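See below for the structure under consideration.
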Amino acid sequence: MATCSIAFHKMEKWYEIMVHWLHYLAPVADLAARLWVARIFWMAGMVKLQSMTATVALFRYMYHVPLIPPVWAAYLGTGIEILFPILLALGLAGRFAAGFLFIYNIITVLSYPQMGVAGMMDQVPWGIFLLFTTVYGPGLFSLDYGLSRIWKRMPPAVQKAV
């Protein structure tokens, strides 16, 4: 019985050490998730930008975005896929960018029902990473974090003036 207790205590100590070191990796994981998802949306925007004529045709005949004319949807979608990944990658307005892309991801799935299960399986992890960034923030390696540190160092009089 005592050996079982000793083994459990050693496992608990190893677990605590592992958790301690994983806390240091959390900002790296936040950054990696942001960069991964940002790259996916950025590349999609670049493909659309290469031929806006083809992009407009896709939005006219394939993607059925509700409430927006196809030409507007094509240009708006391309702009979103270029601007918001930059914000997400930099962690500037990180929660806003992630939340916006999360909703955009849902609209993408709804607008293109022919996507199928394979396409849907790509969208799910992107949505999960975006949701986590929306809820928990962009993390330590972000402009949001750096700017908040600078803001907190400013005297209250300067903060009120801004």
Side-chain angles (χ1 to χ4, degrees), residues 15 18-154 159 162:
Y15 179 77
M18 183 181 67
V19 167
H20 172 76
W21 285 105
L22 285 174
H23 280 291
Y24 290 108
L25 289 178
V28 176
D30 293 336
L31 178 63
R34 285 192 348 255
L35 292 176
W36 181 63
V37 175
R39 182 180 181 278
I40 291 165
F41 281 97
W42 171 264
M43 296 302 287
M46 289 291 105
V47 168
K48 287 180 178 70
L49 191 60
Q50 285 177 351
S51 174
M52 284 309 294
T53 305
T55 300
V56 169
L58 278 173
F59 275 83
R60 185 168 282 137
Y61 302 111
M62 296 284 290
Y63 307 146
H64 303 289
V65 179
L67 307 174
I68 301 175
V71 175
W72 290 15
Y75 282 97
L76 185 62
T78 303
I80 288 168
E81 289 180 352
I82 291 171
L83 174 65
F84 281 85
I86 294 169
L87 294 175
L88 185 65
L90 294 174
L92 182 60
R95 287 181 185 219
F96 173 73
F100 193 91
L101 285 173
F102 178 76
I103 293 167
Y104 182 80
N105 196 37
I106 292 170
I107 292 169
T108 300
V109 170
L110 296 175
S111 299
Y112 188 53
Q114 300 90 341
M115 181 182 306
V117 175
M120 186 70 126
M121 297 307 355
D122 286 339
Q123 304 285 333
V124 170
W126 307 342
I128 290 170
F129 281 130
L130 289 168
L131 183 61
F132 268 77
T133 303
T134 303
V135 172
Y136 293 108
L140 186 67
F141 300 133
S142 68
L143 286 177
D144 284 353
Y145 180 80
L147 291 172
S148 74
R149 300 270 302 184
I150 292 169
W151 180 258
K152 288 176 184 174
R153 287 189 204 145
M154 288 184 179
Q159 289 179 6
V162 175

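Given the structure is predicted, the values throughout are model-derived calculations rather than measurements. Numbers for residues simply follow the sequence, beginning at 1.
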field: Spacing of Thr108 atom OG1 and Met120 atom CE [to the nearest 0.5 Å]
entry: 11.0 Å
task: Tell me, yes or no, whether the heavy-atom count around Met46 atom CE, taken from other residues, nucleotides or ligands under 6.0 Å, exceeds 12.
output: yes
- prompt: What heavy-atom pair brings Ala33 and Phe129 nearest, and what distance separates the two atoms?
  reply: CB-CD2, 3.6 Å
- prompt: Counting only N and O atoms by type, is there a donor-acceptor contact under 3.5 Å from the side chain of Asp30 to the main-chain atoms of Leu140?
  reply: no
message: Can you list everything that forms a side chain to side chain contact (heavy atoms under 4.5 Å, CB included) with Ala73? Sequence neighbours excluded, please.
response: Phe59, Val65, Ile68
statement: When every non-hydrogen atom of Pro66 is compared with those of Ser111, the smallest separation belongs to CD-OG, 3.9 Å
- request: List in chain and number order the residues that pass ring pair (Phe, Tyr, Trp, His ring centres under 6.0 Å) with Phe141, two or more places apart in sequence or in another chain; answer none if no residue qualifies.
  value: none
message: Distance check, rounded to the nearest 0.5 Å: Tyr104 atom OH versus Phe41 atom CZ?
response: 7.5 Å
- prompt: Any salt bridge (Lys or Arg N to Asp or Glu O under 4.0 Å) pairs touching residues 115-137, not counting sequence neighbours?
  reply: none
query: Closest approach of Leu31 and Ala89, non-hydrogen atoms and distance?
result: CD1-O, 4.4 Å
- request: Determine which pairs satisfy salt bridge (Lys or Arg N to Asp or Glu O under 4.0 Å) with at least one residue from residues 69-85, sequence neighbours left out, and list them in order.
  value: Lys48-Glu81
- line: So salt bridge (Lys or Arg N to Asp or Glu O under 4.0 Å) across residues 96-121, not counting sequence neighbours, yields none
query: Should we count CZ of Phe132 as having more than 12 external heavy atoms under 6.0 Å?
result: no
query: When you look at CH2 of Trp36, are more than 12 heavy atoms from neighbouring residues, nucleotides or ligands closer to it than 6.0 Å?
result: yes
task: Quick one: list whatever passes ring pair (Phe, Tyr, Trp, His ring centres under 6.0 Å) with Tyr61, sequence neighbours left out.
output: none
field: Gap between atom CD1 of Ile40 and atom CG of Leu88 - 0.5 Å precision
entry: 10.5 Å
- request: Name all residues meeting the ring pair (Phe, Tyr, Trp, His ring centres under 6.0 Å) criterion together with His23; count only those two or more places apart in sequence or in a different chain, and write none if there are none.
  value: none
query: How are the rings of His20 and Tyr24 set relative to one another: parallel (under 30°), tilted (30 to 60°) or perpendicular (over 60°)?
result: perpendicular
message: Checking Met43 now: which residues fulfil side chain to side chain contact (heavy atoms under 4.5 Å, CB included) with it, not counting sequence neighbours?
response: Arg39
- request: Enter the distance from Leu130:CG to Arg34:CZ here, rounded to the nearest 0.5 Å.
  value: 11.5 Å
statement: In short, side chain to side chain donor-acceptor pair (under 3.5 Å) pairs touching residues 135-150 with sequence neighbours left out are none
- prompt: Does anything in residues 91-100 pair up under salt bridge (Lys or Arg N to Asp or Glu O under 4.0 Å), and if so which pairs, sequence neighbours excluded?
  reply: none
statement: Residues at least two apart in sequence or cross-chain that pass side chain to side chain contact (heavy atoms under 4.5 Å, CB included) with Phe84, listed by chain then number, are Ile80, Leu87, Phe96, Ala97, Phe100, Leu101
field: Partners meeting side chain to side chain contact (heavy atoms under 4.5 Å, CB included) with Thr134 (sequence neighbours left out)
entry: Ala98
message: To the nearest 0.5 Å, what is the distance between CD1 on Ile107 and OH on Tyr63?
response: 14.5 Å
